[in-house]
Amino acid sequence: MKVISAIATHSFREILGTRILYSIIAYAALVMLFAILASQWTIGEEVRFITDMGLGAMLFLGLVLVITRGAVTLSREIEKKTVLVMLARPIHRWQFVVGNFLGMGLVLLLLVFSLLLVLVLILLPMGGAVSWPLLGAAWGVFLELLMISAVALLASNLSSPVLATLITLLVFLAGHMASNLHVWISQAGDLKDLHLPESMLQVAQAYQSGPAHWFLQAAYYLLPNMAHVNFKMNAADAISIPGARLVAGTVYAFVYSIIATWISIAIFGRRDMR
Amino acid sequence: MVSFDSVEKVYPGALGKKSVRALKGVSFSLEGAEVVAYVGPNGAGKTTSLNILMGLHAPTSGRVLIDGKSPQEPKTRASIGYLPERPYFYEQLSAKRFLMLCGRLSGMDRSLLQRRASSLLDELGLADAAHRKLKAFSRGMLQRLGMAQALIHDPDLLVLDEPLGGLDPLGRQLVRRMITDARARGKTVFYSSHILSDAELIADRVAVLAGGKLVKLASLDELTRSTEGKREVSLAPSADLSMEKMQARWPEGTAVGDVWLLTVDEEGLEQFLSQAIADGAYIREVRVAQQTLEDTLVQLIRGSSERGGGE
């Protein structure tokens with residue numbers, strides 16, 4: 001445990017040391033300012049609007065951090081050979097991967113907490129409140145970032161920094177469409193009821209069976225389904241998040257992150273460190 | 001303490017490229033307090049050997065053991081200090097903090113670590129830069145810090161990849177002294193180098209690697225003693241005997257400027273000179289052969305590639 005905490009602390013400091021976090025916090029404050037200005041045009045809906053904008057910005061900035069840091073973590077360590085000095089110590093490789101992942105997770109937690117604080121500070125004078133849906137939605141943003149960070153770690157293990165960044169971005173976007181994918185492949189019988197144009201109907205029907213169907217099915221289960229942890233609308237509309245949904249989303253995000261990290265460990269454990 | 005047993009390493013070629021056989025059945029052992037220099041031309045497989053010794057690469061076949069245990073086991077590495085070639089460390093850390101991180105990962109007690117880090121930084125002339133970020137360090141300073149991190153946990157075995165590279169004369173002297181001090185304290189030092197003059201100053205034994213094969217592992221005395229009773233003869237070409245003809249006549253020689261240089265046994269010298277004169281060569285100079293480690297290394301590597309070792 002001492003080893004993991006030493007690596008996680010080091011990784012946490014490394015990410016903070018790049019000053020990305022500071023610029024992100026400053027940028028977040030700016031976004032909040034924009035939100036205030038924009039809310040002038042949404043009479044009576046200011047709190048809703050700022051909450052929605054704020055949570056969206058939180059996710060976006062977290063994603064920027066994951067892509068610029070998380071997606072290059074391992075590949076950069078290998079490329080710059082800093083990994084050699086670390087792995088020559090009496091540590092297991094899995095401890096190195098887990099330590100790095102936890103370091104990133106801690107930074108994301110700090111980021112989400114800081115941005116939430118900024119958001120609340122802006123919302124309070126405008127009649128907003130620190131509500132459970134808002135806290136739950138921020139937690140959901142953190143979980144979403146945690147999953148994408150595990151994907152980034154895996155991608156950085158498999159490819160160059162540029163490719164890893166691209167893969168992470170694509171998985172993030174696809175993860176937001178995973179629910180639609182499920183609808184697409186599971187509601188075969190209902191397609192006709194959608195009154196789609198003939199050409200689209202033919203394409204859609206092609207995905208109802210055979211290899212294309214299996215490919216989409218596999219993609220659905222492999223991609224992180226961000227809908228499970230997306231509570232932003234609840235926060236914006238001040239609708240409480242059912243406890244069961246929050247727990248299920250949390251469990252889903254943690255299990256997904258653990259599996260992705262475990263695959264990273266399996267790959268990293270076998271490779272030659274050149 | 002350290003044993004390489006028929007170690008082979010093949011790197012598979014990516015995307016249709018040929019695979020590379022970096023090590024071809026390397027076997028040797030290191031024992032007790034000694035400094036062993038691992039020398040050879042670029043691409044000989046020195047860094048690959050050291051990476052396998054550190055558990056960073058897995059051998060394709062054969063095995064490496066340290067005190068009977070595999071270096072891939074983390075516990076085995078607790079007694080090894082490692083300096084990679086051209087070390088590059090975390091830019092955002094200060095030298096002191098970096099050493100503290102290395103020590104913590106080696107399981108050191110915090111107060112001991114503080115003392116050891118300060119003393120090593122002082123010894124390596126980095127005390128003034130202890131709190132400076134590593135991104136501001138020069139190549140030589142990073143190299144010295146690399147030595148400090150390798151020594152931080154007082155390991156029994158030091159594995160150093162080009163430890164004298166990138167250092168100024170003072171830095172080289174400092175690192176050489178640290179290596180000999182480690183030997184005096186009963187440690188084994190195994191280091192790779194291109195700088196043979198340093199090996200002549202500090203190594204007890206020299207391992208020569210060429211084309212992935214261990215060509216020779218012998219004491220420094222043994223490698224330089226072989227020149228006793230030999231003479232170096234410089235032959236100049238004449239109208240009857242051109243340089244090309246001399247090369248064909250005595251292929252074991254070397255062209256140095258406009259002369260053909262040969263090493264001849266003292267007993268056969270008279271007969272050789274008579275024959276050379278009869279063939280039409282001018283005898284430019286005859287002197288006692290001074291074989292350096294570099295001469296021996298060149299001969300060994302040439303011999304190895306002629307036998308197919310450098311494929």
Side-chain angles (χ1 to χ4, degrees), chain A residues 1-22 68-69 72-100 102-103 107 158-160 163 265-274, chain B residues 9-12 22 47-48 50-60 71-94 97-110 133-135 142 145-146 149-150 152-153 155 159-161:
Chain A
M1 202 61 204
K2 268 186 186 172
V3 168
I4 294 176
S5 96
I7 296 170
T9 310
H10 162 65
S11 168
F12 178 79
R13 282 186 180 144
E14 268 285 296
I15 299 168
L16 285 186
T18 57
R19 297 186 186 167
I20 285 175
L21 195 63
Y22 306 120
T68 54
R69 292 293 314 186
V72 295
T73 304
L74 291 181
S75 47
R76 212 166 78 148
E77 288 256 11
I78 293 164
E79 203 173 84
K80 292 200 165 183
K81 298 191 176 180
T82 45
V83 72
L84 299 182
V85 175
M86 295 290 108
L87 296 183
R89 304 272 149 202
I91 65 168
H92 291 276
R93 289 190 182 191
W94 67 262
Q95 290 173 316
F96 185 76
V97 176
V98 170
N100 268 293
L102 290 180
V107 173
L158 291 168
S159 57
S160 66
L163 201 57
I265 289 167
I267 296 165
F268 191 71
R270 287 198 186 127
R271 69 187 290 178
D272 284 339
M273 295 300 151
R274 295 222 206 187
Chain B
K9 180 67 188 176
V10 179
Y11 293 109
T47 297
T48 299
L50 300 193
N51 283 339
I52 290 174
L53 179 56
M54 291 312 302
L56 295 167
H57 289 198
T60 307
Q72 303 218 314
E73 285 296 316
K75 276 184 187 169
T76 313
R77 296 195 296 273
S79 59
I80 316 176
Y82 172 63
L83 170 69
E85 188 181 8
R86 270 181 247 111
Y88 186 92
F89 308 121
Y90 300 101
E91 289 180 339
Q92 298 298 328
L93 291 184
S94 69
R97 191 161 259 178
F98 174 65
L99 289 184
M100 296 295 286
L101 171 68
C102 293
R104 277 186 76 192
L105 293 181
S106 292
M108 287 177 77
D109 164 60
R110 201 174 184 85
K133 283 191 175 177
L134 300 185
K135 66 179 171 190
L142 284 176
L145 183 67
Q149 63 80 30
I152 189 81
H153 54 303
V159 178
L160 314 171
D161 201 351

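Chain identifiers are assigned alphabetically (A, B, ...) following the order of the sequence lines, protein sequences preceding nucleic acid strands; residue numbering begins at 1 within each chain.
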- With respect to chain A, which residue among Pro155(B), Pro74(B), Pro84(B), Ala58(B) yields the maximal number of heavy-atom pairs within a distance under 4.5 Å? Pro74(B)
- Message: Do Pro87(B) and Val85(A) have side chains that approach each other closer than 4.5 Å (heavy atoms only, starting at C-beta)?
- Response: no
- Item | His10(A) vs Leu93(B) side-chain heavy atoms within contact, under 4.5 Å | yes
- Message: Counting only non-hydrogen atoms closer than 4.5 Å, does Leu134(B) touch chain A with its backbone (N, CA, C, O), its side chain (CB onward), both, or neither?
- Response: neither
- Note on the structure: The interface call for Arg97(B) against chain A, heavy-atom contacts under 4.5 Å, is side chain
- Query: Looking only at heavy atoms, which two atoms of Tyr11(B) and Asp272(A) are closest? And how far apart?
  - Reply: CE2-OD2, 3.8 Å
Report all side-chain donor-acceptor pairs from residues 86-96 of chain A shorter than 3.5 Å, counting only partners two or more places apart or in another chain.
from: Arg89(A); atom 1: NH1; to: Ser106(B); atom 2: OG; distance (Å): 2.9
from: Arg89(A); atom 1: NH1; to: His153(B); atom 2: ND1; distance (Å): 3.3
from: Arg89(A); atom 1: NH2; to: Gln149(B); atom 2: O; distance (Å): 2.7
from: Arg89(A); atom 1: NH2; to: Gln149(B); atom 2: OE1; distance (Å): 2.5
from: Arg93(A); atom 1: NH1; to: Phe268(A); atom 2: O; distance (Å): 3.1
from: Arg93(A); atom 1: NH1; to: Arg271(A); atom 2: O; distance (Å): 2.6
from: Arg93(A); atom 1: NH2; to: Gly55(B); atom 2: O; distance (Å): 3.4
from: Arg93(A); atom 1: NH2; to: Leu56(B); atom 2: O; distance (Å): 3.1
from: Gln95(A); atom 1: OE1; to: His92(A); atom 2: N; distance (Å): 2.8

- Please list, in residue-number order, every residue in residues 75-83 of chain B that has a heavy atom less than 4.5 Å from any heavy atom of chain A; write 'none' if there are none. Arg77(B), Ala78(B), Tyr82(B)
- Assess the side chains of Tyr88(B) and Lys80(A): does a donor N or O sit below 3.5 Å from an acceptor N or O? yes
